[in-house]
Amino acid sequence: MGLTFLTIDKKIFKQAQDNRSEYENGVTICRFTQLSDTAYDETPVMLLTITGHKGPHTQSTDSINTYIDFYSKGFEPLTWLARVKTKIKGNNVYCP
């Protein structure tokens, strides 16, 4: 996730992945309480999660919509088919 900054009512916030107990627990929103060339401090103010899923991994916004991504852990019986097709087509990109 690229670091995203938000400014709301002259307060600066950042979004970052929450990896406290394992990868992709959600997105943490932190408010900068001090930010200068010589000092830095932040306070977590919100955690974005999706019950029953991993993530969100990222969150982004345009002037109209908010976008998030997430996934569920589990067995997908046809995953092998997509991997075989990728190898047959000669695509060297492998995405588990």
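The distance from the CZ atom of F13 to the CZ atom of F5 is 13.0 Å, given to the nearest 0.5 Å.
Taking the side chain to side chain contact (heavy atoms under 4.5 Å, CB included) definition, one finds that D41 meets it with T33, Q34, sequence neighbours left out. In this structure, the side chain to side chain contact (heavy atoms under 4.5 Å, CB included) partners of T7, at least two apart in sequence or on a different chain, are I12.
Taking 4.5 Å as the limit, every side-chain heavy atom of T28 sits out of range of all side-chain heavy atoms of Q15.
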Output a table of donor-acceptor pairs, distance under 3.5 Å, between side-chain atoms of residues 42-49 and any protein atom two or more places apart or on a different chain; print 'none' if there are none.
{"unit_1": "E42", "atom_1": "OE1", "unit_2": "K14", "atom_2": "NZ", "d": "3.1"}
{"unit_1": "E42", "atom_1": "OE1", "unit_2": "Y40", "atom_2": "OH", "d": "2.1"}

